Amino acid sequence: MKTLKDVPVGQTVTVARLAGEGAVKRRMMDMGITKGVTVSVRKVAPLGDPVEVTVRGYELSLRKSDAQMIEVS
């Protein structure tokens, strides 16, 4: 399964599953990242951390480790 970390800049994907546990999963859900929502990758820092995305009209920065827990299709 492909994760959000693997998505190229400018591409829009749909969240298939959140692989995080406990507080990490809750934090992502509080940001509006839930199953079925579309996510656009806006920018990735040169070393891959952070990943800047647009979710539900909001611009967010995710850590690379958090982006690896978001499975997309």
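Note that the coordinates shown come from a computational prediction; the quantities given were computed from them, not determined experimentally.
With sequence neighbours left out, the side-chain contact (heavy atoms from CB on, under 4.5 Å) criterion links Lys43 to Glu52. For Ala16, the side-chain contact (heavy atoms from CB on, under 4.5 Å) partners are Met1, Ser73, not counting sequence neighbours.
Using modelled atom types and a 3.5 Å distance limit, the side chains of Thr14 and Thr38 yield no donor-acceptor pair.
Remark: side-chain polar atoms of Arg17 are not paired, donor with acceptor, to backbone N or O of Lys35 under 3.5 angstrom.
Taking every heavy atom of both residues into account, Gly32 and Val55 meet most closely at O-CG1, 3.6 Å.
Rounding to the nearest 0.5 Å places CD of Gln11 at 10.5 Å from CG of Leu4. With rounding to the nearest 0.5 angstrom, the CE atom of Met69 is 10.5 Å from the OG1 atom of Thr3.
Counting only residues at least two apart or in different chains, side chain to side chain donor-acceptor pair (under 3.5 Å) contacts with residues 22-31 comprise Arg27-Asp66.
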*Carefully, step by step, assess Val39 and Val37 under the rule side chain to side chain contact (heavy atoms under 4.5 Å, CB included).*
CA-CA 7 Å; Val39 177; Val37 78; 4.3 Å; yes
*Evaluate the side chain to side chain contact (heavy atoms under 4.5 Å, CB included) criterion for residues Ile70 and Leu18: first the C-alpha distance (whole Å), next the side-chain angles of each, then the deciding distance (0.1 Å), finally the verdict.*
CA-CA 5 Å; Ile70 302 170; Leu18 294 177; 3.8 Å; yes
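The existence of a salt bridge linking Glu59 and Arg42 is confirmed by a sub-4.0 Å separation between a basic side-chain nitrogen and an acidic carboxylate oxygen.
With contacts defined as side-chain heavy-atom distances shorter than 4.5 Å, the pair Leu62/Ile33 qualifies.
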